[in-house]
Student: 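I have a structure here, written as structure tokens, and I will follow up with some questions on it.
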Amino acid sequence: MDSNNNEIIHDFPPFFKVFKDGRIERYMGPRGDVPAGPDPTTGVQSKDVVVSPETGVKACILIPKINGGGQKLPLLVNYHGGGFCLGSAFEEIFKKFLSSLVLKANVIVVSVDYRLAPEHPLPIAYDDSLAALHWIASHSNGEGPEAWLNEYADLDRVFLGGESAGANIAHYVAVQAGVNVPVGLNIVGLVMVHPFFGGKECDKMYKFLSSTSSGCDDDPKLNAAADPDLVKMPCRKVLVCVAEKDWLRDRGVSYHETLEKLKGEGFAELFETKGEDHCFHLFNPNADKAGHLLQKVVDFFNI
């Protein structure tokens, strides 16, 4: 192999690096997928489904143990984090938190496995995620392609959510759902956990992932305040969770303030975890503070 091909031309630790010959190498390998099926401990069941045969995009559906028919449960459409370039809806680190949420909140979760950048440049992840919401909407008449959603999902109580980059995607999907309302869905809430947004300085990795973005806060995807469509966001309420030691904390706080100014006091709730860093609840799910965060999200489904 030509030694010149081993030259690194883009380097974005801890995510990925790009070599001169076009190869992409991630710093972090897959963290282990959890096979679909019933969890013998919790009774939570999961199923992997194809959302779009054209693109191959899949999703993981999780439901609690349901006794008897006719029971309709709130639905959370979730988007995983990972800097738009890591992770999957089937990984244990994400699925474990969502399973706990399903168990405690008695909700259904559809976790969307959007295609990852840079192999699939942005805005593909956004497009996949929005398309998944419209796929879910196809179940509003009870005759959609997925039986669990037809039978158990209350599409009049739909929540969107995610952490980090996934929260950024969830926000985008929420706004777009106000611009082009999916028939048969009523989006009542948005759960933003340690959300990723941009700043005044260019985010070089985001700019590399999206050739159409400046990577700065003049991009509506990176700054809600720059989005003229923000006012159309259909949610009744938004929960914004931040962590004190997270480098994204101030951007999450600013996002909360933007929503409050636009929609009025009480529209957005801010919940801060002291002494913790970015997405700590995924890496240390048994910690007391992770439990407090989980409970805050659980309580949010009662709005």
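Quantities reported herein were computed from a predicted structural model and do not represent experimental measurements.
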Student: Tell me, do F196 and L222 make a side-chain contact under 4.5 Å, heavy atoms counted?
Tutor: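 A side-chain contact exists here, since the closest heavy-atom pair is under 4.5 Å.
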Student: With the side chain counted from C-beta on, respond yes when M192 and H256 share a heavy-atom pair under 4.5 Å apart, and no when they do not.
Tutor: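 A side-chain contact is absent here, since even the closest heavy-atom pair is not under 4.5 Å.
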Student: My understanding is that only residues two or more places apart in sequence, or in another chain, count here; which of them pass ring pair (Phe, Tyr, Trp, His ring centres under 6.0 Å) with Y206?
Tutor: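 With sequence neighbours excluded, Y206 shows a ring pair (Phe, Tyr, Trp, His ring centres under 6.0 Å) to F84, given in chain and number order.
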Student: Check for me, please, whether I93 and L62 land in the same ILVMFWY cluster - side-chain distances under 4.5 Å, paths through other members count.
Tutor: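 Yes, I93 connects to L62 through the hydrophobic network.
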Student: Are F12 and F208 close enough that their ring centers fall under 6.0 Å?
Tutor: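 That pair passes the under 6.0 Å test.
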Student: When rounded to the nearest 0.5 angstrom, what is the spacing between CG in L248 and NE2 in H278?
Tutor: 5.5 Å
Student: Do S164 side-chain atoms and G82 backbone N/O form a donor-acceptor pair below 3.5 Å?
Tutor: no
Student: May I ask you to check whether H171 and Y255 place their ring centers less than 6.0 Å from one another?
Tutor: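 Aromatic pair counts; centres sit under 6.0 Å.
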Student: So which pairs with a foot in residues 194-209 pass salt bridge (charged side-chain N to carboxylate O under 4.0 Å, His left out), sequence neighbours left out?
Tutor: K200-D217
Student: Can you give each donor-acceptor pair under 3.5 Å made by side-chain atoms of residues 281-295, sequence neighbours left out, with the distance rounded to 0.1 Å?
Tutor:
| unit_1 | atom_1 | unit_2 | atom_2 | d |
| --- | --- | --- | --- | --- |
| K289 | NZ | K274 | O | 2.8 |
| Q295 | NE2 | D299 | OD1 | 2.8 |

Student: Of all the heavy-atom pairs spanning G184 and S140, show the shortest one and how long it is.
Tutor: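 That would be CA-CB, 3.6 Å.
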Student: Group every Ile, Leu, Val, Met, Phe, Trp and Tyr by side-chain heavy-atom contacts under 4.5 Å, then state whether F301 and L160 land in the same group.
Tutor: no
Student: More than 12 heavy atoms of other residues, nucleotides or ligands under 6.0 Å from CD of E92: yes or no?
Tutor: no
Student: At their closest point, which heavy atom of W135 faces which heavy atom of H139, and how far apart are they?
Tutor: O-ND1, 3.1 Å
Student: Below 4.0 angstrom, N of the basic side chain to O of the carboxylate: do E272 and R249 qualify?
Tutor: yes
Student: May I ask you to decide whether R115 forms a salt bridge with D128, counting only side-chain N to carboxylate O separations under 4.0 Å?
Tutor: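 The answer is yes: the pair qualifies as a salt bridge.
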Student: Tell me which one of V181, D227, V179 satisfies side chain to side chain contact (heavy atoms under 4.5 Å, CB included) with K232.
Tutor: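 Going through V181, D227, V179 one by one, the side chain to side chain contact (heavy atoms under 4.5 Å, CB included) with K232 is satisfied by V179 alone.
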Student: Does I63 reach the side chain of Y152, with side-chain heavy atoms less than 4.5 Å apart?
Tutor: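 Contact flag for I63/Y152 side chains = yes.
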Student: Under 4.5 Å between any side-chain heavy atoms of S214 and C202, yes or no?
Tutor: no
Student: Quick one: side chains of residues 98-112, donor-acceptor pairs under 3.5 Å with protein atoms, not counting sequence neighbours, listed by atom name and distance.
Tutor:
| unit_1 | atom_1 | unit_2 | atom_2 | d |
| --- | --- | --- | --- | --- |
| S99 | OG | K95 | O | 2.8 |
| S100 | OG | K96 | O | 3.2 |

Student: Check this for me, if you would: do E265 and K237 make a salt bridge, where the nitrogen-to-carboxylate-oxygen distance has to be below 4.0 angstrom?
Tutor: no
Student: Would you indicate whether the side-chain heavy atoms of N180 and H134 approach each other to under 4.5 Å?
Tutor: yes
Student: Nearest heavy-atom pair of Q71 and L73: which atoms, and what distance?
Tutor: NE2-CD2, 3.6 Å
Student: Report yes or no: does Y79 contribute a side-chain atom to a donor-acceptor pair with the main-chain N or O of D113 at less than 3.5 Å?
Tutor: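 Answer holds: no.
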Student: Tell me if a side-chain donor or acceptor on E91 pairs with a main-chain N or O of D33 at a distance below 3.5 Å.
Tutor: no
Student: Examine F16 together with H10 and report whether their ring centres are nearer than 6.0 Å.
Tutor: no
Student: The criterion is side-chain hydrogen bond (donor to acceptor under 3.5 Å, both in side chains); which residues satisfy it with N168, sequence neighbours excluded?
Tutor: Y126
Student: Who passes salt bridge (charged side-chain N to carboxylate O under 4.0 Å, His left out) against D127, sequence neighbours left out?
Tutor: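 So D127 forms no salt bridge (charged side-chain N to carboxylate O under 4.0 Å, His left out) with any residue.
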